[in-house]
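To start, the structure under review is shown below, and the notes come after it.
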Amino acid sequence: MAEEIINRVNQSGLTQIDLEDLRIPGDRVFIDIKEQLFQGIALREKDFREFIASNDWSSYAGKHVAVGCSEDAIIPTWAYMLLGVQLTPFAKTLVFGNLADLEKTLFEQTLSKINPEDFQDAKIVIKGCSKESVPTDAYLKITQLLQPVAKSLFYGEPCSTVPLYKRKS
């Protein structure tokens, strides 16, 4: 007679957290000021104000937007502020930096809504593989958030994990 197959993962009492599930949906856009630099090195106020006035900022409605400059140039703070004035009525999220900075900010927003007490004494697996990119910073933040309350933390998949932390009894 065949031996019964027992799913030990299901019986383990592990709580799996997939950070990909916490990813805020929506388009991500980077506005690069480098396109507005005069001779690739300086931003001229008159030209920049013309750029601001001539754009249809409503095209950023509901999007997550990062503003920055990919060139090594000194950009005055007021330039970012002018962009902020135009984008604030439309953009769902607005950050200074690049798309990686934007993604970190979005994950910080999501992780700040987690109540660590919901995971008191839990054995937690932080899922390691995802289709969408999850910033390494999000893994660090979730670890900091849950370590004080979790019984144990693992990284990977429930069937193959890397132990990270186990509270001493």
Side-chain angles (χ1 to χ4, degrees), residues 15-120 122 124-150 153-157 164:
T15 300
Q16 180 173 291
I17 297 175
D18 185 348
L19 291 179
E20 184 178 22
D21 292 342
L22 303 179
R23 187 175 190 271
I24 295 175
D27 293 338
R28 278 107 165 111
V29 180
F30 176 56
I31 297 176
D32 192 349
I33 290 183
K34 90 172 186 177
E35 305 302 324
Q36 305 311 313
L37 295 176
F38 176 70
Q39 296 183 346
I41 58 170
L43 190 69
R44 295 198 312 196
E45 182 177 356
K46 181 181 178 195
D47 295 341
F48 191 68
R49 285 188 181 275
E50 287 173 9
F51 161 74
I52 293 286
S54 67
N55 263 303
D56 176 14
W57 300 102
S58 67
S59 65
Y60 294 94
K63 296 181 181 178
H64 306 287
V65 181
V67 295
C69 184
S70 62
E71 284 294 318
D72 188 17
I74 298 172
I75 308 296
T77 303
W78 56 258
Y80 297 111
M81 294 172 74
L82 280 174
L83 281 170
V85 166
Q86 300 303 314
L87 290 163
T88 295
F90 303 107
K92 192 168 189 174
T93 308
L94 180 60
V95 301
F96 169 74
N98 57 31
L99 290 173
D101 296 320
L102 174 62
E103 204 62 46
K104 278 177 57 175
T105 297
L106 293 172
F107 268 97
E108 286 171 5
Q109 289 173 2
T110 300
L111 292 173
S112 71
K113 295 175 185 172
I114 291 177
N115 180 2
E117 299 304 316
D118 292 344
F119 297 91
Q120 186 68 46
I124 303 168
V125 176
I126 309 299
K127 188 174 178 206
C129 299
S130 18
K131 294 174 191 150
E132 296 287 335
S133 178
V134 174
T136 302
D137 189 66
Y139 290 99
L140 182 61
K141 297 288 184 201
I142 194 81
T143 301
Q144 289 176 309
L145 183 69
L146 297 179
Q147 183 179 346
V149 297
L153 286 175
F154 301 90
Y155 172 81
E157 302 294 328
L164 301 174

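These figures come from a predicted structure and were not determined experimentally.
Nearest heavy-atom pair across Gly128 and Tyr139 is O-OH, 3.8 Å. For the pair Ser133 and Phe107, the tightest heavy-atom approach, listed with the atom from each and the gap, is O-CE1, 4.5 Å. For Leu37 against Leu43, the heavy-atom pair with the smallest separation is CD2-N, 4.0 Å. Lys63 and Val29 get closest at one heavy-atom pair: CD-CG2, 3.7 Å. Shown here for Gly40 and Glu71, the closest heavy-atom pair between the two residues is O-OE1, 4.5 Å.
Counting heavy atoms from C-beta on, the side chains of Tyr80 and Ile33 come closer than 4.5 Å. Two residues are said to be in side-chain contact when any heavy atoms from C-beta on lie closer than 4.5 Å; Gln147 and Leu164 fail this criterion. Between Val149 and Glu117 there is a side-chain heavy-atom pair separated by less than 4.5 Å. Put simply, the side chain of Ile114 does not reach to within 4.5 Å of the side chain of Ile17, judged on heavy atoms. Here the side chains of Leu83 and Ile52 are in contact, with some heavy-atom distance below 4.5 Å.
In this structure, Glu108 CD and Lys141 NZ are separated by 5.5 Å, a value rounded to the nearest 0.5 Å. Taking CG of Asn115 as the reference point, atom CG of Leu145 lies at 8.5 Å (rounded to 0.5 Å). Here the OG1-CG distance, from Thr143 to Leu153, works out to 6.0 Å after rounding to the nearest 0.5 Å. To the nearest 0.5 Å, the span separating CD on Glu50 from CZ on Arg44 amounts to 9.5 Å. Atoms CG and CG, on Leu111 and Leu19 in that order, are 6.5 Å from each other to the nearest 0.5 Å. Atom CG of Asp137 is separated from atom CD of Glu103 by 11.5 Å, given to the nearest 0.5 angstrom.
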Could you list the donor-acceptor pairs under 3.5 angstrom formed by side chains in residues 88-99, with sequence neighbours left out?
residue, atom, partner, partner atom, Å
Thr88, OG1, Gly84, O, 2.6
Thr93, OG1, His64, ND1, 2.8
Asn98, OD1, Ala100, N, 3.0
Asn98, OD1, Asp101, N, 2.9

Please determine whether salt bridge (charged side-chain N to carboxylate O under 4.0 Å, His left out) holds for the pair Lys127 and Glu20, giving the CA-CA distance in whole Å, both sets of side-chain angles, and the decisive distance to 0.1 Å. CA-CA 9 Å; Lys127 188 174 178 206; Glu20 184 178 22; 5.3 Å; no
What verdict does the side-chain contact (heavy atoms from CB on, under 4.5 Å) test give for Ile124 and Ile142, after you've listed the backbone C-alpha separation in whole Å, the side-chain angles of each residue and the deciding distance to 0.1 Å? CA-CA 11 Å; Ile124 303 168; Ile142 194 81; over 6 Å; no
Give the C-alpha distance, both sets of side-chain angles, the deciding distance and a yes or no for salt bridge (charged side-chain N to carboxylate O under 4.0 Å, His left out) between Arg49 and Glu45. CA-CA 6 Å; Arg49 285 188 181 275; Glu45 182 177 356; 2.9 Å; yes
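Under the ring pair (Phe, Tyr, Trp, His ring centres under 6.0 Å) criterion, the residue pairs touching residues 34-61 are Phe48-Phe51, Phe51-Trp57, Trp57-Tyr60, with sequence neighbours excluded.
The neighbour count for Asp118 CG, taken as heavy atoms of other residues, nucleotides or ligands under 6.0 Å away, is above 12.
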